[in-house]
Protein chains: 2
Amino acid sequence: MTVDRLAHILRGHGLKLTSQRRAVLKVIAGSHGHLTPAAIYELVRKEYPTIGLVTVYRMLEVLAELDLVCRVHGETTCRSYMMRRPSGHHHHIVCSSCGKVVDFARCALDELQHRLSRETGFKIQGHLLEFSGLCQGCLGETAAEDHR
Amino acid sequence: MTVDRLAHILRGHGLKLTSQRRAVLKVIAGSHGHLTPAAIYELVRKEYPTIGLVTVYRMLEVLAELDLVCRVHGETTCRSYMMRRPSGHHHHIVCSSCGKVVDFARCALDELQHRLSRETGFKIQGHLLEFSGLCQGCLGETAAEDHR
DNA sequence: ACCTAGTTGAAAATCATTTTCAATTAGTTT
DNA sequence: AAACTAATTGAAAATGATTTTCAACTAGGT
Ligand SMILES: [Mn+2]
Ligand SMILES: [Mn+2]
Ligand SMILES: [Zn+2]
Ligand SMILES: [Zn+2]
């Protein structure tokens with residue numbers, strides 16, 4: 001997506017077009033990888049040395065709000081833990097209401113993985129898969145609430 | 001996994017069995033959901049009010065080292081961003097070396113999702129899927145290095 | 001040119017995590 | 001049972017990331 005197109009979208013939402021915002025957009029739109037706020041800040045500073053880190057944070061908030069950025073998950077960037085129950089390769093279904101977790105093993109991603117490897121040239125080494133929703137218990141509760 | 005079994009594993013790795021560690025183990029092993037360090041700390045304090053938050057952090061480090069805990073990823077707990085390229089539902093393949101991201105759309109998880117929903121009683125509302133590996137460029141570089 | 005709501009950035013506040021260090025203790029050795 | 005010792009603990013300080021506050025500034029409308 002071009003910076004001008006993005007700028008137009010922002011304006012369409014009643015947001016002002018400042019040179020700081022343009023600079024941030026240029027950096028994020030011009031990169032082919034994911035960037036942390038700090039990394040974006042460092043890159044933007046080369047073009048706009050007086051920009052504040054706060055402005056980068058605020059810009060990311062706006063972009064996330066408008067669903068213009070994607071979040072990328074790192075293997076080790078989450079600090080929510082639970083005791084490991086199955087010992088081998090497995091994944092989780094997480095209840096977004098109470099946090100309950102159920103494990104499952106057969107993810108059947110080999111076929112997809114091979115296809116993607118072929119199509120993108122990546123040597124794929126791992127995957128992250130997680131389902132989210134409501135557990136039976138929490139489903140019952142919301143049903144009971146709806147009933148009142 | 002029982003606390004005694006866990007305690008035994010720790011001891012097998014030359015780690016001392018303190019009452020603090022027992023208390024932390026009891027809380028994590030007794031929960032059916034994922035917990036942040038702060039949440040674990042609050043729960044442990046009920047049984048062991050003088051424990052320090054530092055001890056919880058250290059215990060989690062140990063458990064992660066021995067691969068006795070699982071990490072759970074939250075939708076919004078990662079702060080690495082990139083500009084959104086496709087507009088609809090899609091996923092990422094991330095290069096663990098340079099951070100490059102390639103998108104793909106057909107994840108074909110419906111079948112799996114239905115099976116899991118049936119088997120677990122969850123109302124599944126979303127999923128998180130991400131592949132990681134090395135992009136073509138970074139593959140070339142490591143090959144060149146190996147050649148020297 | 002003027003107005004004004006939105007925006008900015010320095011600084012302080014808040015929150016999470018790590019480091020430091022002196023005191024304590026688990027598990028071993030006498 | 002007492003002594004020993006390396007591992008462990010927790011208060012406090014240090015570090016790092018993110019948010020809040022607020023006075024000054026500016027984009028875009030009139
Ligand atoms: Mn698990
Ligand atoms: Mn994407
Ligand atoms: Zn639930
Ligand atoms: Zn790469």
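A note on names: the letters A, B, ... follow the listed sequences, proteins ahead of strands, and every chain is numbered from 1. Just so you know, these numbers use all the heavy atoms, side chains as well, and skip hydrogens, waters and symmetry mates.
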From [atom1] of [X] over to [atom2] of [N], roughly how many Å is that when rounded to an integer?
{"X": "B/M59", "N": "D/dG10", "atom1": "CE", "atom2": "P", "result": "12 Å"}
{"X": "A/H13", "N": "C/dT7", "atom1": "NE2", "atom2": "P", "result": "13 Å"}
{"X": "A/Y81", "N": "C/dT17", "atom1": "OH", "atom2": "P", "result": "9 Å"}
{"X": "A/L10", "N": "D/dG28", "atom1": "CG", "atom2": "P", "result": "11 Å"}
{"X": "B/E65", "N": "D/dA7", "atom1": "CD", "atom2": "C1'", "result": "16 Å"}
{"X": "A/R22", "N": "C/dT7", "atom1": "CZ", "atom2": "P", "result": "14 Å"}
{"X": "A/H8", "N": "D/dG28", "atom1": "NE2", "atom2": "P", "result": "12 Å"}
{"X": "B/Y48", "N": "C/dT24", "atom1": "OH", "atom2": "C1'", "result": "11 Å"}

**Message:** Each nucleotide in nucleotides 19-26 of chain D should get exactly one letter: B, S or -. Can you fill that in based on protein heavy atoms under 4.0 Å?
**Reply:** BBB----B
**Message:** Restricting to non-hydrogen atoms, name the atom on B/V72 and the atom on A/C78 that form the minimum distance, rounded to 0.1 Å.
**Reply:**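 Heavy atoms only, the tightest pair is O-CB, 3.6 Å.
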In plain terms, say whether [X] and [Y] are close enough for a salt bridge, that is, a side-chain N and a carboxylate O under 4.0 Å apart.
{"X": "A/E119", "Y": "A/R115", "answer": "yes"}
{"X": "B/D4", "Y": "B/R22", "answer": "yes"}
{"X": "A/R58", "Y": "A/E61", "answer": "no"}

**Message:** What's the closest nucleotide to the side chain of B/R11 if the choices are C/dT17, C/dG27, C/dA26?
**Reply:** C/dG27
**Request:** Could you work out which one of D/dG29, C/dG27, D/dA27 sits closest to the side chain of A/L17?
**Result:** D/dA27
Looking only at side-chain N and O atoms, does [X] come under 4.0 Å of OP1 or OP2 in [N]?
{"X": "A/T55", "N": "C/dG9", "value": "yes"}
{"X": "B/Q20", "N": "D/dT8", "value": "no"}
{"X": "B/T18", "N": "D/dA7", "value": "no"}

**Message:** Here's a test of your reading of the structure: between B/P37 and B/L15, which maps to the more 5' nucleotide of DNA chain C?
**Reply:**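 First, find each residue's nearest nucleotide; the 5'-ward one identifies B/P37.
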**Asked** If you pin B/S19 and A/G52 to their nearest nucleotides in DNA chain C, which one's is more 5'?
**Response**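 Of the two residues, A/G52 wins.
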**Prompt:** Would B/H89 and B/H127 count as a close aromatic pair, with their ring centres under 6.0 Å?
**Reply:** yes
**Asked** Are there more than 12 heavy atoms of other residues, nucleotides or ligands under 6.0 Å from atom CZ of A/R85?
**Response** yes
**Request:** Count the heavy atoms of every other residue, nucleotide or ligand shown that sit under 6.0 Å from CZ of B/R71, and state whether that count exceeds 12.
**Result:** yes
